[in-house]
Amino acid sequence: MNHALSKIRAIRGMNDILLESGGLWEQLEDIVRVLLNSYGYRNLRTPILEHTHLFKRSIGEVTDIVEKEMYSFVDDLNGHSFTMRPEITAGIARAVIEHNLLYDRSQRVYTIGPVFRHERPQQGRYRQFHQINVEALGFSGPDIDAELISISAQLWKKLGLKNIRLDLNSLGQSEERSLYRAALIKHIERYTSVLDDGKKKRLYSNPLRILDSKEPLMQEIIRQAPLLSDFLGQNSKSHLKGVCQRLDSLGIEYSINPKLVRGLDYYNLTVFEWISVDQQGTQNAICGGGRYDGLIELLGGKPAPAVGFAVGIERVIYLCQKGAALKQIYACEIYIAHSGENAERFAIDIGELLRGKGFSVIVNAGGGNFKTQLRRASKSGARIAVILGTEEVSTQCATIRFFNPSNQEEKKQKRVPLGELVQTLKSVNDYD
Ligand code: HAM
């Protein structure tokens with residue numbers, strides 16, 4: 001194939017976010033920022049590329065992500081192995097340790113950005129996707145777990161998303177999990193003849209992940225498996241109870257799902273997932289999180305508890321689009337067309353004036369007669385054209401035309417003195 005002439009396409013599973021959904025993404029991100037700031041969460045941004053061993057140590061060597069899904073490469077210049085972040089929590093924990101952010105206080109932080117996993121792409125599962133990551137570091141009690149869950153619940157509410165279920169579980173502490181692990185291995189060993197090679201390997205390296213299997217053959221084995229909840233000590237039980245009591249008092253519904261184990265090794269105690277009930281298959285989780293009290297120490301920091309969650313933005317945007325939950329916003333509200341002597345300068349000044357009053361405004365660029373300019377205006381998605389010709393300049397007026405008028409008054413093109421322009425345009429917006 002002649003690469004010089006062939007069209008270059010995006011990499012499979014890595015999508016362009018085109019202009020129409022771009023507006024929805026911005027809206028979603030705005031809602032998220034306002035919500036998180038209102039709870040005192042502050043923005044922390046970490047690099048996309050990190051040392052590979054950060055993820056191996058954090059997420060765990062025997063996990064799908066580390067074994068199969070990381071985009072890693074060796075830098076020829078120094079022989080170091082780097083990885084495109086397959087999740088953001090590990091990078092945040094690294095940054096918190098590196099900059100000593102927990103020295104004299106706890107921290108509430110968030111970040112929004114791309115994440116990379118080499119999975120088989122399909123609807124809702126991509127190789128580059130985006131997460132809203134929210135983390136509370138340095139807090140050990142169930143109160144902060146409930147705060148985080150409550151923030152996520154409010155996000156669904158603000159986005160108008162319905163039919164989202166909350167699954168909750170406790171993974172206990174590592175000693176409790178080792179006892180459980182031994183019991184689980186003993187149980188599953190009775191069925192080794194039906195296990196495929198992958199599961200046989202997993203059985204001894206990470207048996208809890210077998211509980212996640214969706215294969216029909218495994219369901220009966222999983223159903224009869226011992227429950228981790230029977231191995232939890234008093235402290236773990238009372239932490240879970242503390243979370244549940246707070247969720248009850250906040251009116252947040254949940255179901256305890258004893259089989260919820262999550263795909264990353266750093267968790268202990270509380271884990272949770274929000275599931276879209278209307279979606280089928282494994283791509284129905286729109287948010288997942290939990291406690292990772294051991295991670296900071298595992299990465300070389302002074303021991304500090306932590307908890308957080310991540311929302312999959314593509315999956316949430318899909319639900320918003322399906323349910324028409326977010327209103328599609330216009331690219332801009334006003335398009336200024338201008339022609340004739342001094343009209344360009346007049347247009348620039350009026351553009352600045354209107355932007356200062358909170359409107360979004362495009363001033364025509366590239367010349368053209370009014371017909372051409374109004375065609376551009378209509379294509380731009382603007383609601384209103386402000387038309388400025390020689391006469392408008394000399395009389396200090398503006399002519400207003402509505403695209404898709406919503407009432408009788410708007411059907412007419414009208415000329416208003418400059419002093420009344422802002423008020424007239426505002427009254428149109430207020431009418432909406
Ligand atoms: P996770 O469950 O691996 O958790 O990912 C969180 C969310 O990212 C999922 O619920 C899903 O919505 C979305 N997601 C995951 N994989 C894909 C994919 N291939 N395509 C599209 N969306 C996807 C974590 O990443 C943890 N770091 C969450 C966390 C934060 N735990 C504590 N703090």
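Numbering of ligands and ligand atoms starts at 1, following listing order. Here the structure is a predicted model, which is why all the values come from computation and not from measurement.
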*Asks:* Is ligand 1 less than 4.0 angstrom away from at least one heavy atom of G263?
*Replies:* no

*Asks:* Does the distance from a Lys or Arg side-chain N to an Asp or Glu carboxylate O, for K186 and E189, drop under 4.0 Å?
*Replies:* no

*Asks:* Is a salt bridge present between R108 and E147, judged by a nitrogen-to-oxygen distance below 4.0 Å?
*Replies:*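 Salt bridge: yes.
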
*Asks:* Going by heavy-atom distance to atom 10 (O) of ligand 1, choose the closest among G312, G308, C287, A306.
*Replies:* C287

*Asks:* Is a salt bridge present between D248 and R246, judged by a nitrogen-to-oxygen distance below 4.0 Å?
*Replies:* no

*Asks:* Are any of the N/O atoms in R117 less than 3.5 Å from those in ligand 1?
*Replies:*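 Indeed, backbone or side chain, R117 has an N or O that close.
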
*Asks:* Between N133 and ligand 1, does any nitrogen or oxygen pair lie at a separation below 3.5 Å?
*Replies:*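 No, since none of the N or O atoms of N133 sits under 3.5 Å from an N or O of ligand 1.
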
*Asks:* Below 4.0 Å from any atom of ligand 1, is there a heavy atom belonging to P121?
*Replies:* no

*Asks:* So, do H130 and Y126 have ring centers that fall under 6.0 Å from each other?
*Replies:*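 Between Y126 and H130, which both carry aromatic rings, the centre distance is not below 6.0 Å.
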
*Asks:* Yes or no: does R262 have any heavy atom under 4.0 Å from an atom of ligand 1?
*Replies:* yes

*Asks:* Against ligand 1, does R125 come closer than 4.0 Å with any heavy atom?
*Replies:*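 Heavy atoms of R125 do come under 4.0 Å of ligand 1.
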
*Asks:* Taking 4.0 angstrom as the limit and counting only heavy atoms of G289, give me the atoms of ligand 1 inside it, by number and element.
*Replies:* 31 (N)

*Asks:* Using a strict threshold of under 4.0 Å (side-chain N to carboxylate O), is an ion pair present between E50 and R94?
*Replies:* yes

*Asks:* Is there a heavy atom in W274 that sits closer than 4.0 Å to ligand 1?
*Replies:* no

*Asks:* Could R33 and E26 be called an ion pair, given the rule that one side-chain N must be under 4.0 Å from one carboxylate O?
*Replies:* no

